[in-house]
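Lettering follows sequence order; numbering is per chain, from 1. Note that these values count all heavy atoms, side chains included, but never hydrogens, waters or copies made by symmetry. All values derive from a computational prediction rather than experimental measurement.
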Amino acid sequence: MSIELSKNFEPQAIEEKWYSHWLDKDYFSSRPDDRKPYTIVIPPPNVTGVLHLGHTLNETVQDVLIRKARMSGYNACWVPGSDHASIATEAKVVQMLEKEKGIHKHDLTREAFLKHAFEWKDKYGGIIYHQIKKLGCSVDWNRTTFTMDDHYYKAVIKVFIDLFNKGLIYRGARIINWDPQAQTALSDEEVEYKDIQGKLYYVKYKVVKVETANVNEEASIDNSPLTIGDEFILIATQRPETIMGDVAVCVHPQDERYKHLIGRKVIVPLVNHEVPVIADEYVDPTFGTGALKITPAHDINDYNLGLKHNLPIIDTLNPDGTLSEAAQVFVGMDRFDARKAAIDQLKEDGLLVKEEEYSTRLGFSQRTNCVVEPRISTQWFVKMKELAGKALEAVTSGDIKIHPEERFLATYKYWLENVKDWCISRQLWWGQRIPAWYDEEGLFVVAETETEAKEAFQKAFNRQPASLVQDADVLDTWFSSWLWPIEVFNGITDPGNPEIDYYYPTSVLVTGQDIIFFWVARMVMAGEEYMNERPFEHVYFTGMVRDKQGRKMSKQLGNSPDLLELIERFGADAVRFGILISAPAGNDLLFDDSSCDQGRNFNNKIWNALKLVKMWEANGAIAYDRSGEDFEKATFAATWFEARLKKVKAELEELYTDFRLSEALKTVYSLIWDDFCSWYLEWVKPPFGEKIDNHLLTCTLDFFEELMQLLHPFMPFVTEEIYHHLRSREEGDDLTIRQQGDLGKNHFSISAIKDEDALALGRSLQEMITAIRDTRSKAGLKPKENISLHIQTTAPELFTNIESLLAKQVAAGTIQYVADSVPNAMTVVVGTNKFYIETEQEIDIEAQKEKLQKDLEYQRGFLLSVEKKLSNERFVQNAKPEVVEAERRKKQDAEEKIRAIEESLANL
RNA sequence: GGGCUGUUAGCUCAGUUGGUUUAGAGCGUUGCUUUGACAGAGCAAAGGUCACUGGUUCGAAUCCAGUACAGCCCACCA
């Protein structure tokens with residue numbers, strides 16, 4: 001299969017080829033069998049979205065885990081899918097309809113709107129799947145699930161009805177977060193608070209004058225004729241446009257400034273209502289003016305105070321954020337315009353005393369980014385307390401392991417311990433419609449179909465309704481997402497089916513920490529409630545992807561790179577590499593193109609290593625004399641690399657177990673680049689014009705294969721491509737499904753050398769080579785220039801195995817062993833071995849001395865620190881014996897080194 | 001206000017039960033090499049009192065406390 005290999009690796013040419021090959025072979029499909037399952041469900045991206053770098057990171061991590069599992073004997077199953085994202089998608093569809101077709105949502109019927117929405121979904125929903133493919137993700141496409149699929153829809157409804165019947169879902173009027181732009185209720189989690197520079201307005205509320213004569217006759221106070229006097233209470237407010245909804249003014253009961261006013265009345269500005277002055281310890285007398293206006297309809301705290309003091313509620317806002325009839329003034333005006341108008345009016349009336357800069361935090365809708373309005377509204381809620389208990393238990397008991405644990409356990413716990421009821425109804429059309437049915441009086445039943453509703457109604461109220469109308473609202477998107485790990489296997493609609501039994505609980509959930517409450521905690525609740533079991537064994541939280549300056553990726557800043565463009569530029573493997581290499585678990589990562597560069601260079605490095613090995617092969621390998629001692633020596637490189645490979649593989653297993661993937665990648669990277677390419681290949685490289693030993697070649701190919709296998713989970717395309725170039729393969733022999741352990745057959749190795757010794761010898765060989773190179777470099781000797789190397793050593797047996805490798809450093813020069821120093825040579829001391837380098841060139845004695853002097857100083861300093869330790873009695877007494885022993889060895893070592901350097905210095 | 005992280009080389013980050021040397025990597029920088037796998041490269045080098053202060057210990061980048069700075073989450077007092 002000898003073909004021309006391109007100069008550099010060209011990812012674009014092969015990615016498409018391999019992905020379709022893998023699909024053709026059905027490698028990513030999973031069906032229950034007698035292997036152990038390894039299951040991951042993808043966090044379903046929003047159907048209308050595109051993958052940003054956060055997704056890219058998540059998907060890459062999942063693919064690494066699933067590919068590793070697939071290559072380790074597991075039945076790996078990765079379920080892809082997407083989320084209907086009710087509010088986000090509906091907003092986009094509404095916008096599109098207005099922009100492109102001039103259609104307003106409220107001009108359409110529900111059915112017509114949904115038709116447009118599904119069209120939109122079909123048109124744009126495929127984008128994310130395309131991106132997942134381009135990234136090389138090994139998902140089981142047969143299992144693609146959408147949260148509005150028929151069975152999924154049914155599951156959501158089934159769960160709603162079930163929870164309602166269990167008394168865990170209720171309907172009621174509460175103060176909720178209202179999104180005036182989308183005109184829907186939101187859950188607490190969908191509100192994001194941001195610091196805002198606002199203003200505090202100080203407004204006079206005039207006090208109603210009481211007739212002096214009647215002061216002592218309490219009963220008659222209310223009936224007495226009232227006049228407005230000059231006395232007033234000053235009230236600070238951020239929201240003058242809500243003044244019309246004021247129903248009281250509240251002060252602290254012990255506040256001397258206002259004590260005399262409690263029980264009297266004040267006039268609400270702008271509308272001239274008369275409202276009482278009440279007292280409550282809730283008020284902080286030291287804040288603002290110590291007097292608070294009470295607007296129960298538009299503030300959560302005021303609402304609570306209103307309940308306590310039995311105050312009326314005046315809702316002055318329409319659902320769209322304009323002022324309602326109840327406001328009496330500025331009716332129909334937007335809330336922010338009304339604020340300006342109110343300020344102007346207050347000024348005109350002489351009631352605005354001052355304005356103050358004030359920094360505060362305002363709630364914004366996560367989806368539409370408009371300021372959220374607290375509003376009283378009848379909505380559906382899930383009682384969370386009971387569900388939260390089980391979800392808390394699952395994590396605190398260690399049943400579910402969170403990575404990195406320390407950081408997120410506390411957050412998770414705190415939320416569950418303080419969880420409030422979950423508002424699940426949304427005034428939207430795109431989503432699962434709430435299965436509640438109302439008669440003309442507003443009595444309702446919960447049932448899946450109208451027919452069932454009628455029966456239920458008969459049962460509940462003992463009569464037939466004149467008509468039944470289904471609730472117009474849909475459910476929060478997360479009310480469907482929380483069933484994801486169950487219903488992708490039909491676990492709700494078809495409980496106990498073989499698939500859910502086999503795949504559930506899933507192995508690991510990989511997601512962003514930002515949805516720990518929205519999704520993770522709630523999935524645990526649903527899992528415990530409907531499967532009586534945790535939904536996943538492990539949760540792996542990835543960090544946020546930020547730009548180089550640490551800013552969040554956002555469309556507005558334009559700092560969010562387009563994934564397809566990145567892949568186009570660098571190749572999918574390089575992008576995966578780039579995002580993963582800088583992403584330790586749970587830490588935010590600052591993404592920079594340059595890490596993709598590194599990935600691309602890595603591709604290229606491997607590619608060129610392949611070219612080198614294939615060139616040896618093309619030149620024809622021959623059999624060296626296997627019986628000879630020389631051959632044994634020559635194989636030290638292979639012995640060393642095999643030991644190295646073994647060691648690193650063990651390290652990798654540990655890193656995988658701990659979910660330390662970026663470290664695992666770094667480890668493989670360094671194994672390939674440094675150990676394999678920089679050392680091993682250079683060591684076994686035959687001299688120019690000579691042929692390689694065929695056994696050594698086989699061995700090298702085996703190593704290469706194994707390296708590709710280790711790297712494959714991270715960089716699937718380049719590794720699969722190289723795997724097929726290394727050797728010709730049978731149909732169906734692909735790296736993607738090749739099992740670890742298939743490779744790594746017994747290579748030849750020097751029988752007398754143990755792994756540790758081979759590694760140690762390799763390390764000192766590297767040290768020697770580096771020192772010789774350094775000397776050459778400092779002396780300006782070119783690599784081709786011959787040198788004579790004289791080795792003065794106390795352990796000549798060490799060199800028998802590595803002499804041939806050392807010989808590569810002398811070009812066509814010679815190696816000799818000497819008993820004494822060599823005059824007029826450059827001296828290098830490595831450990832206790834001395835190397836004398838003889839050249840044609842004249843040597844710079846001073847530079848030599850300087851270098852040795854520097855070494856000497858270092859060693860002496862080191863010796864000093866070791867001696868200090870050893871002379872400390874308490875160290876010798878308390879430290880572990882092996883530590884003391886190690887120090888003693890270090891001391892001896894340093895002393896020998898010093899002696900060697902001193903001798904060399906003396907000889908100069 | 002409550003909670004949680006982080007502060008290590010110019011930049012971005014590793015450093016897993018405290019003890020293989022006086023701390024590593026990538027990028028960047030500086031030399032040299034246009035060498036027959038690779039200039040998207042090789043070889044070599046420079047660069048850090050591990051934020052600060054104290055404590056525990058024979059021994060601290062590592063454990064503890066405090067301080068400073070940075071960031072995140074939660075709560076949401078006009």
Test salt bridge (charged side-chain N to carboxylate O under 4.0 Å, His left out) on A:Glu896 and A:Lys891; report intermediate values, then the result. CA-CA 9 Å; A:Glu896 278 173 24; A:Lys891 184 180 176 218; over 6 Å; no
A:Glu663 has a side chain; which of B:rA78, B:rA75, B:rA14 sits nearest to it? B:rA14
NA contact type, [X], heavy-atom cut-off 4.0 Å: base, sugar-phosphate, or nothing?
X: A:Tyr358; value: sugar-phosphate
X: A:Val866; value: nothing
X: A:Cys250; value: nothing
X: A:Asn301; value: sugar-phosphate

Does the base of B:rU16 carry an N or O that pairs as donor and acceptor with the side chain of A:Arg660 under 3.5 Å? yes
Polar pair under 3.5 Å, donor/acceptor by atom type, side chain A:Arg361, base B:rC76: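 When only heavy-atom distances are counted, A:Arg361 does reach the base of B:rC76 through a donor-acceptor pair under 3.5 Å.
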Think A:Asn878 has a side-chain N or O under 4.0 angstrom from the OP1 or OP2 of B:rC58? yes
Do any side-chain nitrogens or oxygens of A:Lys7 fall under 4.0 Å of OP1 or OP2 in B:rA39?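 Looking at the OP1 and OP2 atoms of B:rA39, one of them is under 4.0 Å from a side-chain N or O of A:Lys7.
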For A:Trp607 and B:rA37, is the gap between ring centres under 5.5 Å while the planes differ by less than 30°? no
With sequence neighbours excluded, tell me which residues meet salt bridge (charged side-chain N to carboxylate O under 4.0 Å, His left out) with A:Lys354. A:Glu356
Knowing that exactly one of A:Asp597, A:Asn604, A:Asn603 qualifies, which makes a side chain to side chain donor-acceptor pair (under 3.5 Å) with A:Arg600?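 Only one of A:Asp597, A:Asn604, A:Asn603 forms a side chain to side chain donor-acceptor pair (under 3.5 Å) with A:Arg600, namely A:Asp597.
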d(CD, A:Glu682; P, B:rC38) in whole Å: 11 Å
Return the 5'-most residue of the pair A:Trp415, A:Arg600 with respect to RNA chain B, ranking by each residue's nearest nucleotide.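 By nearest-heavy-atom nucleotide position, the 5'-most residue is A:Arg600.
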Looking at A:Glu663 and A:Lys666, is any side-chain nitrogen of the basic one under 4.0 Å from a carboxylate oxygen of the acidic one?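 Not counted as a salt bridge, because no side-chain N and carboxylate O are separated by less than 4.0 Å.
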